[in-house]
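Since we're looking at a predicted model, the values are computed, not measured. Note that the numbering runs from 1 along the sequence shown for the chain.
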Amino acid sequence: QVEAFSRLRRRDGWGNEGQDNPFMTCAKPGRPDKAPSMSMLLPIITGRNVEPLPRPTPIRPPLPRGSSGQLGQGYSLGLSTGSHGSRMSSPGGQSRSSGCAATAPLPPRESSPNLQEPWQACRPAQVQEWPMRSFHSTPRRDLQVTSGWGESKTPPPLFSAPPESTNVEVMDRMTSEASDERAKIELQPPPPATTRIDQLQHPLVQRDSSLQQRGKSSSLRNSIKATKKKSRASLVLQGPKSPESLSETKKSASDAPKGVRYLYVAQYGNYSSHIRNLLIARPCWSPGPGDPGNSIGKTWLQERRVKVGGDISGLPEINLLWSKYLSKAFLDAMAEGQTGVVVTHNEESKLSLKQAEDSNPQEAPANPPPVRIHNHFEANHVLTAKAGLRETMFSFYTSLKRDPFGAIPLTFVIRQGSEDEEFKKWLAVYNGMTESKGQNMWIVKPGSNSNCGCGIEVCDSVEEVQNIVESKNRSWIVQKYMEMPLLIHKRKFDIRSYCLLMQDAKDGSLQGYFYKEAYLRTTSTEYSLKTKDRFVHLNNDAVQKHGEDYGKFESANKMSLNEFQKYLDEHHPKEGLSVQEKLVPQMRALMADALKASAHKINPRNIQHCFEVFGFDFMVDASFRVWLIEVNTNPCWEPCNTYLGYLIPKMLDEAFVLTLDQIHPEGAIKGKDGKIRGPKDTSWEHIFSPSEANQVSCQWVAALPEGGLELDFSQLGQDILCPPPLKGKHSK
């Protein structure tokens, strides 16, 4: 570029300081005839035979859909200015910088426009976009170049092409049509505030509505700041507190039956956006009062809170409540057939429901209660509480003369500190194992109301365990620690698998399903019994994500089952270990036994239309044997890596196929064949029905030792102590 400019100076003799600079004269009203114009310099500067095209007016008309600002033979000029200048791009995707020094930011102009400085004269031409054809058709030659100060000029044609006449009539007609079209749109009334912008057909309406919405939000925030009613700015969306406002919410999909609508509320927290996305995609489903997608009440988007106040009588009933933990008020409404139940407070740590006051409770309600659905069972603590899981599995296996601690590690429930009888039993077992096996590692957990690794401690002495169980007046779990686990690259791991327990939509019977895809959660530090570091022993993601090496070895410390199989093939080739043939069947059998053990207790009032997705955690010992560790009622839905971003939404959508879509088939997403999807169209595998409640699925669990009526705990749970280790590569 500099060499081209120097050659141009030498050719035309621009040696004197008083000589006119061609860049400067290009922008002046009067230009010497011998001085070349900017159009003559464009091929030298850009290296392209680009012809500036005239345009009739500097006013930018609206852009129709699919248009682009293309120049010449299909090349487009980008108008973004920065340190690298503007860029010329070709249809083939190649681009190059124009390199003009004038593309740098310009200093403020203090003098008259007629007194231009050299940096003012070198200001780049402002090319305004105009509806144009694609580069495959005949290029437009009616675009006009304006100088830095807005003076429109029509430069002479380039050397390589003869001048062509501009079709002014065509341009005038297009400009007139675009103006008329815009005027018609402006005369139309604005769309309702609750209408989705993406439902509007014309791009001009989309753009105007978007600007209108942004303007409303901006003015609303400014008014809140001005009144100073809150210490920090919050976006408050307030709608009319009447059932009529619900009719202004998002319209259902085109295939939804006319007049059919089901309302849902999803509690904030644990990535509940997954749930809203899956529900809003289904016909007939819309957000109800108490959900951030509904206009009734107030929604604080930044603080993630929804409140519905005032008179709640007459508000529409919700059909589905998705919450982090079970809502007893909603379950009572389901069991007793209550009406007028509304979610009045929705945030991550709190979910409140209120029933509208009935003027005459003696009379029957005018409308029958709706079909309500909840994503939790009333007594799910028999599985999800650590103490409940131990007692449930213990009762199930002992009733069938099996050792319960062949499925779960040897566990004691202590509720009254060191004076509890269970503590004395544990103390006797601890002393016996320490002397005979040399294993003294135990793990202590809260018995209920805890997750994410909270309150879990690894202990190797009686004093440590005693101090913990006496620290708080609550139930505690003292469980034998697996000292010989299977490792991945010398690091510990566990497996998170999903289970669906639901009621059949036809007869209300409980049905259990196992999801075929699962993932591993690894630690970031090499396994060792010489330390009690939580980053070594706990696989909980809530613990590991705070470590320095989190995500160093695996993405978000997660592995799929296929990746685990590749590791086994590489490091244990002689054993021929198969995840799908040996590992997954053990997980499926343990899950089935857990459902059989809890089926008669998990729904004591037989409340219809309940379902729950549980997160089962398994561990694998050195002999490739699977052990059930715990069950979670609120498993994490965070898509922390690519695989979970695929797995979790897919699993939840297929869970809705078996539950919501069977209860309300008119709101289901149909398959390619036009039929509603069923269990065969998902990755859920049926593993439990009431007819199988008295059969043990884990046939490898040993029988109870013969003896007296009272169990001898020192003879139970011996398989976890010294499993035969694998002898493959890096098995230690």
Within the structure provided, determine whether [X] and [Y] are in side-chain contact (heavy-atom separation under 4.5 Å).
X: Thr642; Y: Ser555; answer: no
X: Phe405; Y: Ile408; answer: yes
X: Ile687; Y: Leu595; answer: yes
X: Gln416; Y: Val469; answer: no
X: Ser475; Y: Ile414; answer: no
X: Asn277; Y: Pro649; answer: no
X: Phe611; Y: Leu501; answer: no
X: Glu464; Y: Lys532; answer: yes

Exercise. Should Glu563 and Tyr643 be marked as a side-chain hydrogen bond (donor to acceptor under 3.5 Å, both in side chains) after you check the CA-CA gap, both sets of side-chain angles, and the distance that decides it?
Worked result: CA-CA 11 Å; Glu563 293 173 329; Tyr643 178 67; over 6 Å; no

Exercise. What's the verdict on side chain to side chain contact (heavy atoms under 4.5 Å, CB included) for Phe624 and Leu568, showing C-alpha distance, side-chain angles and the deciding distance?
Worked result: CA-CA 11 Å; Phe624 214 62; Leu568 295 175; 3.9 Å; yes

Does either side chain, that of [X] or that of [Y], offer a donor lying less than 3.5 Å from an acceptor on the other one?
X: Arg402; Y: Thr398; value: no
X: Asn632; Y: Asp617; value: yes
X: Glu463; Y: Asn467; value: no
X: Asn557; Y: Asp541; value: no
X: Asp621; Y: Trp627; value: yes
X: Asp533; Y: Thr525; value: no
X: Glu347; Y: His345; value: yes
X: Glu612; Y: Asn380; value: yes
X: His537; Y: Tyr481; value: yes
X: Thr411; Y: Lys480; value: no

Measure the spacing between [atom1] of [X] and [atom2] of [Y] and express it to the nearest 0.5 Å.
X: Ser471; Y: Arg474; atom1: OG; atom2: CZ; answer: 9.0 Å
X: Gln479; Y: Leu410; atom1: CD; atom2: CG; answer: 8.5 Å
X: Asp494; Y: Met482; atom1: CG; atom2: CE; answer: 10.0 Å
X: Tyr325; Y: Gln267; atom1: OH; atom2: CD; answer: 9.0 Å
X: Tyr268; Y: Glu303; atom1: OH; atom2: CD; answer: 10.5 Å
X: Leu561; Y: Glu517; atom1: CG; atom2: CD; answer: 8.0 Å

For this session: Take Glu421 and Arg415, measure what salt bridge (charged side-chain N to carboxylate O under 4.0 Å, His left out) needs, and give me the verdict at the end.
Result: CA-CA 9 Å; Glu421 290 295 328; Arg415 293 184 171 88; over 6 Å; no

Cation-pi, [Y] ring and [X] (6.0 angstrom, 45 degrees):
X: Arg625; Y: Phe618; answer: no
X: Arg304; Y: Trp300; answer: no
X: Arg496; Y: Phe616; answer: no

Exercise. Under 30°, 30 to 60°, or over 60°: which ring-plane class applies to Trp426 and Phe423, parallel, tilted or perpendicular?
Worked result: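 Judged by the thresholds at 30° and 60°, the geometry between Trp426 and Phe423 is tilted.
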
Please answer whether the main-chain N or O of [Y] pairs with a side-chain N or O of [X] as donor and acceptor at a distance below 3.5 Å.
X: Asn440; Y: Tyr430; answer: no
X: Gln718; Y: Ser714; answer: yes
X: Arg305; Y: Leu301; answer: no
X: Glu483; Y: Met441; answer: yes
X: Asn539; Y: Lys492; answer: yes
X: Asn603; Y: Ala379; answer: no
X: Gln503; Y: His609; answer: yes
X: Asn346; Y: Leu351; answer: no
X: His376; Y: Cys610; answer: no
X: Asn270; Y: Pro635; answer: yes

Problem set entry | Aromatic ring proximity Phe713/Phe412, centre distance under 6.0 Å |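 Between Phe713 and Phe412, the centre distance is under 6.0 Å.
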
For this session: Please report the closest heavy-atom contact between Tyr498 and Ile648, naming both atoms and the distance.
Result: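 Taking Tyr498 first and Ile648 second, the nearest heavy atoms are OH-CG1, 4.0 Å.
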
Exercise. Closest approach of Leu321 and Ser327, non-hydrogen atoms and distance?
Worked result: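 Heavy atoms only, the tightest pair is CD2-CB, 3.8 Å.
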
Look at [X] together with [Y] and state whether they make a salt bridge at an N to O cut-off of under 4.0 Å.
X: Asp549; Y: Arg491; answer: no
X: Lys601; Y: Glu378; answer: no
X: Lys425; Y: Asp712; answer: no
X: Lys558; Y: Glu638; answer: no

Exercise. Checking side-chain contact (heavy atoms from CB on, under 4.5 Å) against His374, which of Leu331, Leu320, Ile607 comes through?
Worked result: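 That would be Leu331; it is the only one of Leu331, Leu320, Ile607 passing the side-chain contact (heavy atoms from CB on, under 4.5 Å) with His374.
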
For this session: Could you give me the CA-CA distance, side-chain angles and deciding distance for Gln544 and Asn540, then say whether side-chain hydrogen bond (donor to acceptor under 3.5 Å, both in side chains) is met?
Result: CA-CA 6 Å; Gln544 292 295 326; Asn540 304 69; over 6 Å; no

For this session: State whether the number of non-hydrogen atoms from other residues, nucleotides or ligands found under 6.0 Å of Glu548 atom CD is greater than 12.
Result: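 No, not enclosed.
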
For this session: Kindly indicate, with the supporting measurements, whether the criterion ring pair (Phe, Tyr, Trp, His ring centres under 6.0 Å) is fulfilled by Phe564 and Phe493.
Result: CA-CA 11 Å; Phe564 184 39; Phe493 72 93; 5.3 Å; yes

Problem set entry | Where at least one partner belongs to residues 680-695, residue pairs that pass side-chain hydrogen bond (donor to acceptor under 3.5 Å, both in side chains), sequence neighbours excluded |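 Only Gln511-His686, Arg588-Glu685, Lys650-Ser683, Ser689-Ser691 qualify under side-chain hydrogen bond (donor to acceptor under 3.5 Å, both in side chains).
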
Exercise. Stepwise, does the salt bridge (charged side-chain N to carboxylate O under 4.0 Å, His left out) test hold for Lys424 with Asp420?
Worked result: CA-CA 7 Å; Lys424 297 177 181 179; Asp420 197 305; over 6 Å; no

For this session: Applying side chain to side chain contact (heavy atoms under 4.5 Å, CB included), run through Leu660 and Leu279 and close with a yes or a no.
Result: CA-CA 10 Å; Leu660 303 183; Leu279 290 173; 3.5 Å; yes

